[in-house]
Q: 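Can you read through this structure? Questions will come right after.
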Amino acid sequence: MHTYTNAFVVTVKESPNDAELVSHQLMIRAGLIKKMAAGVYTILPMGHRVFQKMIQIIRDEMNAIGSAECTLPVTIPADLWKKSGRWDKYGRELLRFVDRHDRPFCLGPTHEEVITDVVSAYVTSYKQLPMTLYQIHTKFRDEIRPRFGVMRSREFIMKDAYSFHDSAESLDATYAAMQQAYHRIFERCGLTVVAAQADSGAIGGNESVEFLVVAACGEDSVLVNTEAGFVANSEACPTLDPGIVHHVSVPPYAMIHTPNCPRITDICAYRGIQPNVCLKSILIMVNDAPIMLCLPGDRDINEAKIQRLVGAFRWATSAELTHYLGCSPGYVGPLNTEIPVWLDYGLKTQPHYTCGANQDDHHVVNVSPDRDIPHGQWADLKMAIAGDPCPSDPSVTVSALRGIEVGHVFKLGTTYSQAMDATFTNATGTRMPFIMGCYGIGVGRTVAACIEQCHDDNGLCWPAALAPFHVVILNLCPKNTDLDPIIQRLVAAIESWGYDVIVDNRPDSPGVKFNDADLLGFPYQIIVGRKTLDSGHIERKCRKTGETIGVSVTQMDVLKSYLN
RNA sequence: CGGGGUGUAGCGCAGUCCGGUUAGCGCACCUGUUUUGGGAACAGGGGGCCGCAAGUUCGAAUCUUGCUACCCCGACCA
């Protein structure tokens, strides 16, 4: 029999003041997790049960689409990561260390290299494809700033699946099946998710969809237009060419003196103009050669778009700025320079702009991009924001939502298989690299997102699918042994109906038990106490609605219909 | 990595400015009695390297310096 004593129920009244999110506070107060270091958590028994239920749902759905579970090592030799090229590219999120023989290793933040290595050792023919492997295991990413409990931790549990194919069509089929499975998984957890077009980021590849739980505390921003059926991560959302041609005549551009105006806000204040009529110029370095990016003064660069356009890049240093343009930061402009220039489509909106003059304390006014920057190439450079025209229907605009990224699917293509020389023989007898997909779900983050959606002032309020126990029996008079047989019969009956049940057997006062039961959020409470002895009735209370129903101990079977 | 803040009992905090009995409070914990349908009452009790180290001083939780951990904000957009 599960009791509060043996199940390690460790609730606390006050949560540490470093917990900001409701989900983080409640997970600590209910004794689900305990912090060990920044972004590193112990999952306590109550939390473990919730995680296991989540994991079992994921496992069911992964198995249902024919993928096979395995467990990949957390400790990965550097050589494998050097093969894919990521040992040098991944940066400091990758926790590296050496063993006693000074051999370099890393803790796996993701497992494309490992799985590619494993599969290429065994799969040599197209006849063995397609195939999908997955694991549900611990990952480590040395986040710049872990926060929000298990929502953004450094060590975390993730379901990651990898599929291998001999054709793009085959990948498409698995990619679609996986998304269907994701929708079923999140639905079974009681979560409402949106699927958004996303940027594939550090993983690489060419197409990806992100699954987000809409929540104010979400760290991701998505842009949506429901009528147009459009949902995209703001990082991945295109901005459109407005196609405006101006017919007003703009006077020739002219340099003006603008002392101490290095920032857009300075020049706006000095000239009495708005940021959207300023042209912001940014110098980047690609393979140590300068490239200039120009965009409207009120908009921000989208680094992912730049990377797609020019490849890997870095921001120019002040010294490089001075070397190539002869001015300090703040006075950069696209005129009179041999440096290649990219112009954001947004610069077609106004007939003319004010921009830096490549000379300290000077700007240029009346700059008409088409006329004055003929060497500039037009492109989409900026971050999309709410109010921009919707990419799938420019007659409407997009609005912004915050979301928690709980799942992500990617089409990797041959990025890893080519780098690692992982090949098979196809039907015509030629060797070709595997076409791959990869698919992740953050287990802890999904649990936390679920709590963000399911709680009230009294505590957690689990959906039946994730509750650590479906039913709690509150024994209000634990010293009265007359109640013991009733409780034993109840436990046996409830378990025979297929529900898990825990008994609060502590010698505390009733108020403590009611409050803890509410805090822990079991879907149903069964209350047994003096009233039971007096009247022969037990009570069943629904956590979510507060609805209470009395049931005679002589007719326990009717309880079954009140527990779902 | 830059800026700010905090480390005192298991948890939440006071005390630090202005050095001076035995370092306090609430919750939790232990013993006993009475309680027991929404965080019980009384009585008694235990628990501290005051983050670590060095320094100043007759004397340091308190002052100085260094280190460390944790939290918050920001992070190449000129």
Side-chain angles (χ1 to χ4, degrees), chain A residues 10-21 24-25 28-29 31 34-40 91-92 142-149 154 260-267 275 278-285 292-306 313-322 324-325 327-333 344 355-358 360 363 381-383 457-459 474-480 483 504 506-519 525-535 537-539 541 546 548 550:
Chain A
V10 284
T11 56
V12 288
K13 274 191 197 168
E14 291 173 287
S15 60
N17 57 7
D18 60 13
E20 285 190 282
L21 292 191
H24 187 192
Q25 290 168 355
I28 289 172
R29 285 225 292 135
K34 172 161 173 46
K35 188 170 71 179
M36 161 125 304
V40 179
R92 285 192 296 170
D142 203 352
E143 293 275 350
I144 303 173
R145 188 140 92 91
R147 59 183 128 180
F148 304 147
R154 294 193 294 171
N260 300 317
C261 290
R263 307 164 67 110
I264 295 285
T265 49
D266 300 329
I267 186 74
C278 297
L279 183 152
K280 177 152 70 175
S281 308
I282 296 153
L283 197 66
I284 60 168
M285 303 298 289
M292 191 179 293
L293 308 174
C294 299
L295 63 159
D298 58 343
R299 302 299 292 256
D300 289 325
I301 285 273
N302 180 327
E303 293 183 33
K305 288 178 182 175
I306 305 307
F313 72 98
R314 61 178 174 83
W315 309 104
T317 62
S318 294
E320 284 166 335
L321 220 83
T322 309
Y324 289 110
L325 297 167
C327 67
S328 311
Y331 298 96
V332 175
D344 181 74
C355 67
N358 291 329
D360 284 6
H363 279 77
L381 308 178
K382 63 187 177 299
M383 190 71 82
D457 291 346
N458 295 322
L474 305 183
N475 181 356
L476 300 187
C477 307
K479 282 185 187 164
N480 189 326
L483 291 171
D504 185 352
R506 298 173 300 177
D508 292 301
S509 68
V512 174
K513 298 183 186 189
F514 286 124
N515 283 310
D516 273 353
D518 287 349
L519 172 62
Q525 301 169 8
I526 292 175
I527 299 143
V528 179
R530 173 148 294 164
K531 281 187 192 171
T532 308
L533 295 171
D534 292 347
S535 69
H537 280 71
I538 55 174
E539 275 171 43
K541 184 181 167 188
T548 297

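Each chain gets a letter, A, B and so on, in the order the sequences are listed, and its residues count up from 1.
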Q: Pairing check on B/C77: which nucleotide meets the Watson-Crick or G-U wobble criteria with it, both distances under 3.5 Å?
A: none
Q: Across the strands shown, which category fits A/Ile264 at heavy-atom distances under 4.0 angstrom: base, sugar-phosphate, nothing?
A: nothing
Q: Would you measure the distance from the P atom in B/U62 across to the matching atom in B/A53 and give it in whole Å?
A: 12 Å
Q: Which residues pass the side-chain contact (heavy atoms from CB on, under 4.5 Å) test with A/Arg314, sequence neighbours left out?
A: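 For A/Arg314 the side-chain contact (heavy atoms from CB on, under 4.5 Å) partners, ignoring immediate neighbours, are A/Met285, A/Asp288, A/Thr317, A/Glu320.
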Q: In whole angstrom, give the distance that lies between atom CG of A/Asp298 and atom P of B/C77.
A: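 Going from A/Asp298 (CG) to B/C77 (P), I get 17 Å.
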Q: Could you encode protein contacts along nucleotides 35-45 of chain B as a string, one character per nucleotide from 5' to 3', using B for base contact, S for sugar-phosphate-only contact and - for no contact, with a heavy-atom cut-off of under 4.0 Å?
A: BBBBBS-----
Q: Is the shortest side-chain N/O distance from A/Arg147 to OP1 or OP2 of B/C71 below 4.0 Å?
A: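 No, because none of the side-chain N or O atoms of A/Arg147 sits under 4.0 Å from OP1 or OP2 of B/C71.
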Q: Would you mind reading off the distance between A/Glu320 atom CD and B/C77 atom P, rounded to a whole angstrom?
A: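 One finds 14 Å between P of B/C77 and CD of A/Glu320, rounded.
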Q: Which nucleotide, in any strand shown, forms a Watson-Crick or G-U wobble pair with B/A43, with both distances under 3.5 Å?
A: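 Partner of B/A43: B/U31.
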Q: A/Glu20 side chain: which of B/G12, B/C70, B/C72 is closest?
A: B/C72
Q: In Å and rounded to the nearest 0.5 Å, what is the CZ to OG1 distance from A/Arg530 to A/Thr532?
A: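 Rounded to the nearest 0.5 Å, the CZ-OG1 separation comes to 11.0 Å.
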Q: Report the distance from atom CZ of A/Phe313 to atom P of B/C76, rounded to the nearest whole Å.
A: 10 Å
Q: Considering only heavy atoms and no angle criterion, is a donor-acceptor pair shorter than 3.5 Å present between the side chain of A/Glu303 and the base of B/C77?
A: yes
Q: What is the distance from NE2 of A/His24 to P of B/C71, rounded to the nearest Å?
A: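 Result: 9 Å.
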Q: Report the residues that fulfil side-chain contact (heavy atoms from CB on, under 4.5 Å) with A/Ser509, sequence neighbours left out, ordered by chain and then residue number.
A: A/Val512
Q: How would you list, by chain and number, every residue that makes a side-chain contact (heavy atoms from CB on, under 4.5 Å) with A/Val40, sequence neighbours excluded?
A: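 Here the qualifying residues are A/Met36, A/Ala37, A/Arg154, A/Glu155.
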Q: If we take the C1' atom in both B/C71 and B/C77, what is their distance in whole Å?
A: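 Here B/C71 and B/C77 have their C1' atoms 28 Å from each other.
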Q: How long is the straight-line distance from CG of A/Asn475 back to CZ of A/Arg506, given to the nearest 0.5 Å?
A: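 Between A/Arg506 CZ and A/Asn475 CG, I get 11.5 Å after rounding to 0.5 Å.
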Q: Could you state the atom-to-atom distance from CZ of A/Arg314 to C1' of B/C76 in whole Å?
A: 11 Å
Q: When rounded to the nearest 0.5 angstrom, what is the spacing between CG in A/Leu474 and CG in A/Asp508?
A: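 The CG atom of A/Leu474 sits 11.5 Å away from the CG atom of A/Asp508.
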Q: What's the CG-C1' distance between A/Asp300 and B/C76, to the nearest Å?
A: 13 Å
Q: Side chain of A/Ile144 only, heavy atoms from C-beta on: which candidate in B/G26, B/C70, B/C1 is closest?
A: B/C1
Q: Rounded to whole angstroms, how far apart are CD on A/Glu14 and P on B/C25?
A: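 To the nearest whole Å, that distance equals 17 Å.
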Q: Roughly how far apart, to the nearest Å, are B/G46 and B/A60 at atom C1'?
A: 27 Å
Q: Would you measure the distance from the P atom in B/G20 across to the matching atom in B/C63 and give it in whole Å?
A: 11 Å
Q: How long is the gap from CD1 on A/Ile28 to CD on A/Glu14, to the nearest 0.5 Å?
A: 13.0 Å
Q: How do A/Pro146 and A/Ile301 order along RNA chain B: which one's closest nucleotide is nearer the 5' end?
A: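 Here A/Pro146 is the residue nearer the 5' end.
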Q: For A/Glu539, what residues pass the side-chain hydrogen bond (donor to acceptor under 3.5 Å, both in side chains) criterion, not counting sequence neighbours?
A: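 A/Glu539 satisfies side-chain hydrogen bond (donor to acceptor under 3.5 Å, both in side chains) with no other residue.
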Q: Could you work out, with side-chain contact (heavy atoms from CB on, under 4.5 Å) as the rule, every residue matching A/Asn302, not counting sequence neighbours?
A: A/Ala304, A/Lys305, A/Met383
Q: Rounded off to whole Å, could you give me the CG-to-P distance for the A/Asp266 and B/C77 pair?
A: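 Nearest whole value for this atom pair: 14 Å.
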Q: Considering only atom P, compute the distance from B/G47 to B/G10 and round it to an integer number of Å.
A: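 Straight-line distance between the two P atoms is 12 Å.
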Q: Base, sugar-phosphate or nothing for A/Leu293? Non-hydrogen atoms, less than 4.0 Å.
A: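 Here A/Leu293 touches no strand at all.
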Q: Work out how far the C1' atom of B/A28 is from that of B/A40, and round it to whole angstrom.
A: 15 Å
Q: For nucleotides B/C13 and B/C1, find the distance between their C1' atoms and express it as a whole number of Å.
A: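 These two C1' atoms come out 33 Å apart once rounded.
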Q: In whole Å, what separates the C1' atom of B/A23 from that of B/A9?
A: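 One C1' to the other, the span is 11 Å.
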